[in-house]
Protein chains: 2
Amino acid sequence: MNRVISIESIKVACKNCSLGSLCLPMGLTPPDVEKLEKIIKRNRPLHRNDHLFRENDSFSSLFVVKTGTIKTYLPREDGGEQVLGFHLPGEIIGLDAIQDERHTCSAKVLETSAVCELPFGQLEELAQVIPSLQHQMFKLLSKEIAEEGKMLTLLGKKNAEERLASFLASLSCRFKRRGFSATDFYLSMSRNEIGNYLGLAVETVSRLFTRFQEEGVVRVDRKHIELLDQDRLEAVAKGSLCARTSESNSA
Amino acid sequence: MNRVISIESIKVACKNCSLGSLCLPMGLTPPDVEKLEKIIKRNRPLHRNDHLFRENDSFSSLFVVKTGTIKTYLPREDGGEQVLGFHLPGEIIGLDAIQDERHTCSAKVLETSAVCELPFGQLEELAQVIPSLQHQMFKLLSKEIAEEGKMLTLLGKKNAEERLASFLASLSCRFKRRGFSATDFYLSMSRNEIGNYLGLAVETVSRLFTRFQEEGVVRVDRKHIELLDQDRLEAVAKGSLCARTSESNSA
DNA sequence: CGAGTAGTTGACGATTGTCAAGATGGGTGG
DNA sequence: CCACCCATCTTGACAATCGTCAACTACTCG
């Protein structure tokens with residue numbers, strides 16, 4: 001993994017950005033993209049364990065992950081934490097904080113990362129004069145809301161096996177869209193964080209990785225994952241394997 | 001329960017609406033509220049089991065619940081459904097559909113209800129010329145996103161007891177804000193739907209209601225709920241009762 | 001009044017969490 | 001450069017919560 005990131009490579013230039021259509025400018029006209037570029041701040045690279053922001057920090061900007069991975073989490077009453085998500089390049093962080101101008105969760109850097117900073121006040125002003133940007137932002141927020149349903153289903157109905165398979169399938173899909181391999185990637189998060197995110201004990205996650213490997217679905221070496229049988233993985237994720245004819249709580 | 005709702009009573013008039021500051025117009029100036037009123041459609045009352053929309057229906061409007069309760073849910077691969085939420089007066093439905101102009105979930109009426117319909121295209125146009133409306137809408141969407149974290153914690157970490165207590169506490173709080181009793185209310189959803197929503201089996205929900213009643217925390221008669229000890233309920237919801245010193249997955 | 005749906009209760013088992021011990025590997029300092 | 005150390009991960013044994021199955025009750029609605 002190349003840890004050296006030149007200033008040049010993170011220079012903000014949406015129109016040249018490798019994220020392309022994944023990011024906010026999607027669907028904007030070139031002149032509008034230029035206006036957007038003007039308000040975007042360049043940030044120094046962030047290092048593992050840095051915090052982008054913490055719960056209750058006052059909110060002023062959204063962030064788009066350019067490279068690396070960022071974890072968002074919520075401190076729990078019992079002192080532990082609840083992982084809310086892992087954010088890959090092209091994904092936006094901070095949308096939850098618009099409502100009362102205070103971050104409701106913390107964001108921690110899992111591996112050397114770079115982000116674009118979008119001062120929200122200016123973004124709003126811009127959206128006020130660029131209808132397609134306003135629309136784009138509504139869509140962005142909406143997408144986040146629509147995604148929630150899948151996670152609720154995962155946590156509410158899926159068993160451990162289905163959860164981990166879904167997780168791997170989701171990562172695979174997201175890597176692919178970003179031009180990385182869909183079948184060979186590194187996990188930037190720990191087993192503990194995966195378990196926390198999926199509502200499982202670390203031990204369960206560990207056992208499942210072992211089992212998946214034994215079954216020939218994946219090859220696991222520490223953080224390195226190779227998907228050997230994507231169809232099977234998808235099938236497990238959907239729960240359409242293993243003859244479970246559950247009709248539970250169907251009503 | 002009064003099932004007769006006169007046309008008069010559902011006439012749209014934001015400025016007189018009992019929802020007051022709960023709804024969209026919150027924070028708008030009177031002239032802006034008037035503009036908003038002009039685009040709002042009046043809908044006939046909806047009856048139990050009506051669908052407001054179904055998954056994949058094309059999206060054109062947001063809906064605000066005026067009276068009653070509406071359930072949103074996602075069909076699951078196995079033919080069952082995943083309940084996403086129960087929407088009380090003042091709560092907005094359809095935000096998930098903005099992203100690709102198609103509803104991602106279905107919305108079903110649990111008891112005679114009335115809704116305001118907000119044609120989204122017109123709402124966007126209005127937001128384009130009323131900055132405070134644009135801001136208000138961003139906040140609305142953001143709030144929805146921020147709420148998600150609580151639900152993930154509930155499903156990921158809480159046990160059955162904590163889940164049901166959290167659910168009752170949440171309902172209580174929402175009823176209170178709407179001017180209803182915080183300690184005496186009717187559930188418009190079935191045990192099955194509660195269990196589905198909370199990731200529990202119906203039987204578990206049923207047993208917990210019985211247990212809570214035996215412990216003197218609530219009085220339950222069918223759909224009628226009385227909260228007898230709110231502090232205790234809150235404590236159970238937070239998991240700060242029953243000496244569980246869990247530090248699980250804290251990292 | 002009858003039938004069907006929703007809710008309750010009990011018995012049982014399985015999935016998954018907990019506890020404990022051990023293995024592995026990366027990072028740091030001598 | 002090696003060795004040690006600590007965090008992370010793995011594996012096993014056990015227990016408990018909660019889901020499943022089944023029977024029974026009680027409403028509700030036609």
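Throughout, a chain's letter reflects where its sequence line sits, starting with A, and its residues are numbered from 1.
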What is the separation between atom [atom1] on [X] and atom [atom2] on [N], rounded to the nearest whole Å?
| X | N | atom1 | atom2 | result |
| --- | --- | --- | --- | --- |
| Asn192(A) | dT10(D) | CG | P | 12 Å |
| Arg191(B) | dT5(C) | CZ | C1' | 14 Å |
| Glu111(A) | dG26(C) | CD | P | 16 Å |
| Leu200(B) | dG7(C) | CG | P | 15 Å |
| Tyr186(B) | dT28(D) | OH | P | 11 Å |
| Glu161(B) | dT17(D) | CD | P | 10 Å |
| His224(B) | dT28(D) | NE2 | C1' | 19 Å |
| Phe209(A) | dT11(D) | CZ | P | 12 Å |

With a 4.0 Å cutoff (strictly under), does any side-chain N or O of [X] reach OP1 or OP2 of [N]?
| X | N | value |
| --- | --- | --- |
| Arg207(A) | dT11(D) | no |
| Lys223(B) | dG7(C) | yes |
| Arg222(B) | dA6(C) | no |
| Ser206(B) | dT9(C) | no |
| Thr204(A) | dG17(C) | yes |

* Asked: Among dT18(C), dT16(C), dT10(D), which nucleotide sits nearest the side chain of Thr210(A)?
  -> dT10(D)

* Structure fact -> Picking from dG7(C), dT16(C), dT10(D), the nucleotide nearest the side-chain atoms of Asn159(A) would be dT16(C)

* **Residues that Phe59(A) engages under ring-ring contact (aromatic ring centres under 6.0 Å, His included), provided they are two or more places apart** => His103(A), Phe120(A)

Excluding sequence neighbours, so at least two apart, what forms side chain to side chain contact (heavy atoms under 4.5 Å, CB included) with [X]?
| X | answer |
| --- | --- |
| Asp229(A) | Asp231(A), Arg232(A) |
| Glu234(B) | Ala169(B) |
| Ser206(B) | none |

* Asked: In degrees rounded to 10°, what angle is found between the helical axes fit to the five outermost pairs at each end of the helix from dC1(C)-dG30(D) to dG30(C)-dC1(D)?
  -> 50°

* Is the base of dC19(C) touched by the side chain of Glu203(A) through a donor-acceptor pair closer than 3.5 angstrom? -> yes

* Between Lys158(A) and Ser166(A), does any side-chain donor sit less than 3.5 Å from a side-chain acceptor? -> yes

* Are Thr72(A) and His87(A) linked by a side-chain donor-acceptor pair shorter than 3.5 Å? -> yes

* Whether His224(A) and Tyr186(A) hold their rings parallel, tilted or perpendicular, with breakpoints at 30° and 60° -> parallel

Report all side-chain donor-acceptor pairs from residues 212-223 of chain A shorter than 3.5 Å, counting only partners two or more places apart or in another chain.
unit_1, atom_1, unit_2, atom_2, d
Gln213(A), OE1, Val220(A), N, 2.7
Arg219(A), NH1, Glu226(A), OE2, 3.4
Lys223(A), NZ, Met189(A), O, 3.2

* If each of Asp221(A) and Arg163(A) is mapped to the nucleotide of DNA chain C with the nearest heavy atom, which maps nearer the 5' terminus, i.e. the 5' end? -> Arg163(A)

For nucleotides 3-6 of chain D, print each protein N/O atom paired with a nucleotide N/O atom at under 3.5 Å, atom names and distance only.
none

* **Listed partners of Lys150(B) passing salt bridge (charged side-chain N to carboxylate O under 4.0 Å, His left out), at least two apart** => Glu147(B)

* Residues forming a salt bridge (charged side-chain N to carboxylate O under 4.0 Å, His left out) with Glu55(B), sequence neighbours excluded -> none

